[in-house]
Amino acid sequence: MMDALFDPQTLFIIIAGAIATYLTRVGGYVLMVRMKTIPPRVEAGLNAVPVAVLTTLVAPAFFEGGYEVKLAMVFALVIGLRFPGLIMLISGWALVVAMRYFSIA
């Protein structure tokens, strides 16, 4: 296990990922600071980022999970229309746990 940590290819991937992450964060900050106003297309793209990230996190679990996961996500969606995000998250999680504990799933 320790040999995998010092594998040159693994180390290169870790360093390259760190550099790419740093450059994208700094590059975005520098770009936004230099703009006097944000063009409408850039603003629309930035507004779409949270939805895109949420979709990439939720969609695989929804389509690959069992029916208890699908039911919990729909339940959490309904809860999320009325309550804050943390309550939505806890309620969906609790439903999945309860369904699995009571062998409903």
Atom pairs and distances, donor-acceptor, side-chain atoms in residues 18-26, under 3.5 Å, two or more places apart:
from: T21; atom 1: OG1; to: G17; atom 2: O; distance (Å): 2.8
from: T24; atom 1: OG1; to: A20; atom 2: O; distance (Å): 3.1
from: T24; atom 1: OG1; to: T21; atom 2: O; distance (Å): 2.9

Is W93 reachable from Y67 through a run of hydrophobic residues whose side-chain heavy atoms are each under 4.5 Å from the next?
-> no
Give the minimum heavy-atom separation between G92 and A72, together with the two atoms involved.
-> O-CB, 3.5 Å
Cut-off 3.5 Å, no hydrogens considered: what does the side-chain donor-acceptor table look like for residues 43-55, sequence neighbours left out?
from: N47; atom 1: ND2; to: E43; atom 2: O; distance (Å): 3.2
from: T55; atom 1: OG1; to: V51; atom 2: O; distance (Å): 2.7

Among the clusters formed by ILVMFWY side chains lying less than 4.5 Å apart, do I90 and F75 turn up in the same one?
-> no
Common cluster, V33/L31, ILVMFWY with side-chain heavy-atom separation under 4.5 Å = no
From CG (L71) to CD (E68), nearest 0.5 Å | 9.0 Å
Under 4.5 Å side-chain linkage, directly or through intermediates, the cluster mates of L77 = none
Check against side chain to side chain contact (heavy atoms under 4.5 Å, CB included), F62 and K70 = CA-CA 6 Å; F62 185 83; K70 291 174 179 59; 3.7 Å; yes
Going only through I, L, V, M, F, W and Y residues with side-chain contacts under 4.5 Å, is there a path from V58 to F83?
-> no
Would you name the heavy atoms of I79 and M88 that are closest together and state the gap between them?
-> CG2-CA, 3.9 Å
Close side-chain approach of V96 to M73, heavy-atom, < 4.5 Å | no
